[in-house]
Amino acid sequence: MAPIRPRRSVLYMPGANDRALEKARSLAADALILDLEDSVAPEAKDEAREKVVAAVRKGGYGRREVVIRPNALETAWGTADILAAASAAPDAILVPKVQRAGDIISAAKILKSVNVPEKTKLWAMMETPQAILHAAEIAAVGADPENRLVCLVMGTNDLLKESRARALHDRFAVVPWLALTVVAARGYGLDIIDGVYNDFRDETGFRKECEQGRTLGMDGKTLIHPSQVAPCNEIFAPTDEEITWSIKIIRTFDEPENVHKGVITVDGKMVERLHLVQAKRTVAIAGAIKEIEDWF
Ligand code: COA
Ligand code: MG
């Protein structure tokens, strides 16, 4: 199994924006997406590609995961983008506008053909109606390590545009797509990151949406502005209460009289072995978060 990796806060930055690429080296986001796609104007595409490759090669991003988002292969820039991204060997390449499993398999084949090290994984943008319809099929390619797929990223702005739904009422229209894609991700052992919150000056609304994403099972949220990093890291980390409860479950199951039991009582509540699995994950992710935070 892949090592546990905190992906609470995943910050996008336009590849053409020097200041953002530089500033990102000091931001406490768990992952950074250096974008060549929709946040870069057509006339700035070539320049952005060069800047992003240079920034990744220069490094200095420490323990943050660095991800490059190229344009789709069908576009005029797609092939040059993915080859340039591959040459920089980031932690991952985020495939945009995925429609079918074949889009991931094709990207994986390109990476293999140019001998990109295995540490460079693929993430998939889930942002087209086709991707939601084929979520299980897309996630399933992650079962074969050759395909490098480890993470799905919700593209809610594109989904709203394509579906003509509205972003209102606690994302009433979006929630079913999020929930379905969470299940697809979990069915094949992938991580999944929620979409962005556009109104970046509204911290109250942002926090509410983070809570909603976490409740749905998201591992984290994609972000557009540095001010969103701290609240996001807080909300997507296990709370002290959750950690204490998890440790209690682990310790109680470890007691000699419980070692062979399938179900026990802790603080008056029924606890099964499935809760033990959950508890171990909570403690492991809390440990991984502590490591990354100690590093910052
Ligand atoms: N990543 C890194 N740094 C960022 C950033 C980002 N996404 N967004 C803003 N910053 C930096 C700015 O460069 C500025 O730095 P400085 O003050 O140290 O020079 C600081 O944070 C404050 O920025 P602010 O003035 O509040 O924002 P802005 O008006 O410059 O930019 C946006 C607002 C929305 C245009 C900008 O945040 C952005 O481009 N976000 C990402 C958009 C994106 O990538 N979209 C694609 C996926 S949906
Ligand atoms: Mg998009």
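Counting starts at 1 for both ligands and their atoms, in listed order.
Listed by number with element, the atoms of ligand 1 under 4.0 Å from a non-hydrogen atom of Arg201 are 26 (O). Set against the non-hydrogen atoms of Ala20, the atoms of ligand 1 under 4.0 Å away are 1 (N), 2 (C), 3 (N).
For atom 34 (C) of ligand 1, the closest non-hydrogen atom on the protein side is Phe200 CE2, 3.5 Å. With respect to atom 5 (C) of ligand 1, the closest heavy atom belonging to the protein is Pro226 CD, 3.5 Å. In this structure, the protein non-hydrogen atom closest to atom 39 (O) of ligand 1 is Pro14 CG, 3.4 Å. Looking only at protein heavy atoms, the nearest one to atom 7 (N) of ligand 1 is Tyr12 O, 2.7 Å. At the shortest separation from atom 19 (O) of ligand 1 among protein heavy atoms lies Arg19 NE, 2.7 Å. Protein heavy atom at the shortest distance from atom 11 (C) of ligand 1 is Lys23 CD, 3.5 Å. Residue, atom and distance of the protein heavy atom nearest to atom 41 (C) of ligand 1 are Ile224 O, 3.3 Å.
At a heavy-atom distance under 4.0 Å, no atom of Leu223 approaches ligand 1. For Arg25, no heavy-atom contact with ligand 1 is shorter than 4.0 Å. Contacts between Ser39 and ligand 1 below 4.0 angstrom, taking non-hydrogen atoms only, involve the side chain exclusively.
At most 12 non-hydrogen atoms from other residues, nucleotides or ligands lie less than 6.0 angstrom from CD of Glu241. Residue-environment remark: CG (Asp240) stays at or below the threshold of 12 foreign heavy atoms within 6.0 Å. Within a 6.0 Å radius of CD in Glu257, more than 12 heavy atoms belonging to other residues, nucleotides or ligands are found.
The shortest N or O to N or O distance between His225 and ligand 1 is below 3.5 Å.
Contact annotation: Leu11 has at least one heavy atom less than 4.0 Å from an atom of ligand 1.
Residues Arg273 and Asn258 come closest through the heavy atom pair NH2-O, 3.3 Å. Closest of all the heavy-atom pairs between Trp177 and Met154 is O-CE, 4.2 Å. Contact between Gly15 and Val52 at its shortest, heavy atoms only, is CA-CG2, 3.5 Å.
Glu127 has its closest N, O or S atom to the Mg ion (ligand 2) at the position named OE1. Between the Mg ion (ligand 2) and the N, O or S atoms of Asp158, the shortest distance is to OD2.
Side-chain contact of Thr239 with Glu242: a donor-acceptor pair under 3.5 Å is present, judged by distance alone.
Remark: atom 44 (O) of ligand 1 lies closer than 4.0 Å to at least one protein heavy atom. Remark: atom 26 (O) of ligand 1 lies closer than 4.0 Å to at least one protein heavy atom. Atom 13 (O) of ligand 1 is flagged as protein-proximal [any protein heavy atom, distance under 4.0 Å]. Within the 4.0 Å cut-off (strictly below), no protein heavy atom is located near atom 17 (O) of ligand 1.
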Practice item. Let me see the working for Gln212 and Arg171 under side chain to side chain donor-acceptor pair (under 3.5 Å), right down to the final yes or no. Key: CA-CA 9 Å; Gln212 185 194 42; Arg171 298 197 290 176; 2.8 Å; yes
Practice item. Verify side chain to side chain donor-acceptor pair (under 3.5 Å) between Arg57 and Ser87, making sure each step is shown before the conclusion. Key: CA-CA 9 Å; Arg57 288 222 172 103; Ser87 74; 3.2 Å; yes
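Put simply, the side chain of Arg186 gets close to the backbone of Gly217: a donor and an acceptor are under 3.5 Å apart. Between the side chain of Arg49 and the main chain of Ala44, no donor-acceptor pair closer than 3.5 Å is present. Side-chain atoms of Asn233 come within 3.5 Å of backbone N or O of Ala28 as a donor-acceptor pair.
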